[in-house]
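Shown next, in C-alpha cells, is the structure this report addresses.
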Amino acid sequence: MVRRIHHVGIVVERVDEAYGFYRDVLGLPLVREAEVPDQGVRAALLGAGDSEIELLEPLGADTPVGRFLARRGEGLHHLCFETADVAGALTELEHRGVALIDRAPRRGLAGEIGFLHPSACAGVLVELATPLENHGEEELPAPLRLKRLVIGAEDVSATAATFRSLFALSEVAMNGGPRTMLTVGRGALLVVPTAEAGGEAGMVALSLVAEDFAALGAALRRAGTPRLDGTGELTVEPAGSHGVHLHISRYMFP
Ligand code: CO
C-alpha cells in the first residue's frame, strides 16, 4: 500500500531560521516551499535521499501547528508515506473503521494528501501523499539520506502490529531484544520501548546517513552545533536541530 517514507514533518518557529541548520549546515537541498493556508502553515520540503524533511511554520497561534508549537515546542510532528492512490487508500481505511482526519484528499505541499487520526497509529500523526505528476520523481542529490524514524512505544509489538496492518510494512528480523524494525522502501521505522526513548512515546528521533561523514562533522563544528561526537556516529542535540534528536552515521556499503 505504501512505497516509501515520503517525508517526516518537523514543526519550527520560523522556516527561515530552520534553513540555517537543515539547508545551510546539513546541506539538504530545498525541493519546494509554499504557504498552505488550508493547513495554516508555511512549509518547505528538503531532499534527504529517498525521503524528504518537511519544515512547518504556523501561520498563526490559532492553527493546529500553532497549538502544537505552544504545547510541545519545536520538534517531530508527523510522518508521511507515499501511496499511489491516496483517495483509494483513505476510502479503504475508512471501510476498515480506521479513525481519519481526512476522508477525502486535499492539496498539500507533497501533492494530494490526507491525514489519519493519531489515535489510529499509536499516537503518531500519519499523512498519506500521492505526488502530483508535474512534481517529478527525480531525487535531488543530498549529502544525507533519511534512514529511519525511531518511534517510542509502551507496547512495541502492539504498535508494530498496528503499523504493519495499516500500511502493509514488512518486519525485519532483529536479533532478539525488545525492538522491532519495519521497512518501507529504502527507509525504516524502528519501534523501541519508551524506556529506551527517554520515557517518550511517539516519534522520538531521526537517523540519517552521511555520504561524507568527516565533511559533515566539520560543518557542524564550524557552525557550533551542539552535538555528541562518537566514532562513525554523532548525535545532534535537540537545541541545535529545532527540537529533533538527530543521529547521523557514516555511510557503510551494505
Ligand atoms: Co507533511
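Numbering starts at 1 and runs along the sequence shown. Counting convention: from 1, in listed order, for ligands and their atoms alike. We use all heavy atoms of the structure for the numbers below, so side chains are in, but hydrogens, waters and symmetry mates are not. In this text, all values refer to a predicted model and were calculated from it rather than measured experimentally.
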Is the shortest side-chain N to carboxylate O distance from R106 to E112 below 4.0 Å? no

Tell me whether C80 has at least one N, O or S atom under 2.8 Å from the Co ion (ligand 1). no

Side chain to side chain donor-acceptor pair (under 3.5 Å), paired with E127, selected from H6, H77, H78: H78

At less than 2.8 Å, would any N/O/S atom of H7, backbone or side chain, sit next to the Co ion (ligand 1)? yes

Give the name of the N/O/S atom in E54 that lies closest to the Co ion (ligand 1). OE1

If you measure from the Lys or Arg side-chain nitrogens to the Asp or Glu carboxylate oxygens, is any gap between E57 and R42 under 4.0 Å? yes

Quick one about S241 and R227 (side-chain donor to acceptor, distance below 3.5 Å, no hydrogens or angles considered), yes or no? no

Among the N, O or S atoms of E127, the one nearest the Co ion (ligand 1): OE1

